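Note that the coordinates shown come from a computational prediction; the quantities given were computed from them, not determined experimentally. As the structure lists them, so they are numbered: ligands from 1, and atoms in each ligand from 1.
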Amino acid sequence: MQIHERIHIVGSGISGFGISNETDCTVYLIDGAGEYALIDAGAGIQPERILKNIEKTGIDRMKISSIFLTHGHGDHSGGAAALSHACQAKVCALRETAEYVSTGNLEALSIREAIRAGMYAKDYAFDACPVLPLEDGEKIKVGDLCLKVLRTEGHCSGHACYEMKFDKKKILFSGDAVFNYGKISLQAIWDCDLQKYIRTCRVLEQIRPDILLPSHGAFLMEKGYTYIEKAMEEIRRLRIPES
Ligand SMILES: [Zn+2]
């Protein structure tokens, strides 16, 4: 599903567009003209559906060089092992996420809690895989495009958004940091942190993206900053944005 000259959606479950396994977050494919990358990897329950969607774009999956994880929760990182293997791509994430995903630390990833909460089936198996650590502010080239890593915690530790510029427009892959209508995602898990979340909203407000591409729900192809402003409006009134 092509949404932009340089961006396709190749995975998305029930919280998005229903084109792959229902538990998958939205998986974006970035076209750097000859070199490609994925943002997130879905849950890993039916990675073949994501691979099929990649094939439908006409892009050779072997030209996908990297998979950038926004964070380690199962719906984002569970498919990293299968997709990185199928595409011979490296997986990258902020240091904490890299550690949790590469060691398959189910506690740190809150996967046991998510299974108990009914978010995944009881037999959900998480596949660990090697993940290269990224630093906040690091810039990585994907063909003729450049992604900037932004440490944006609050939803969980090691959460990153990725900023990209194209045609004078700022594009933000916002992960689970900020969603449509200015919603955020607070969860009763060990590493969810309201103070860090507020800091994240301030950082994202400064960036003022034109295009906002969250990992769940609708996206915004212009004035992407309006959703971030909506969250900040609540914060400025000392209220917690809707979760
Ligand atoms: Zn999450």
Q: Among the N/O/S atoms of Asp176, select the one at the shortest distance from the Zn ion (ligand 1) and name it.
A: OD2
Q. Closest N/O/S atom of His155 to the Zn ion (ligand 1), by atom name?
A.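 Restricting His155 to its N, O and S atoms, the minimum distance to the Zn ion (ligand 1) goes to NE2.
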Q. Where do Val131 and Ser102 come nearest, in terms of heavy atoms and distance?
A. N-CB, 3.9 Å
Q: Nearest 10° is fine: what angle sits at the Zn ion (ligand 1) between ND1 from His73 and NE2 from His71?
A: 90°
Q: Look at Cys25 and state whether any of its N, O or S atoms is less than 2.8 Å from the Zn ion (ligand 1).
A: no
Q) Is the shortest distance from a Lys or Arg side-chain nitrogen in Glu229 or Arg208 to a carboxylate oxygen in the other one below 4.0 Å? A) yes
Q | Side-chain H-bond candidate by donor/acceptor type, Asp75 with Thr23, under 3.5 Å | A |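 No donor-acceptor contact under 3.5 Å links the two side chains.
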Q: Say whether Asp176 and His71, considering side chains only, have a donor N or O and an acceptor N or O under 3.5 Å apart.
A: yes
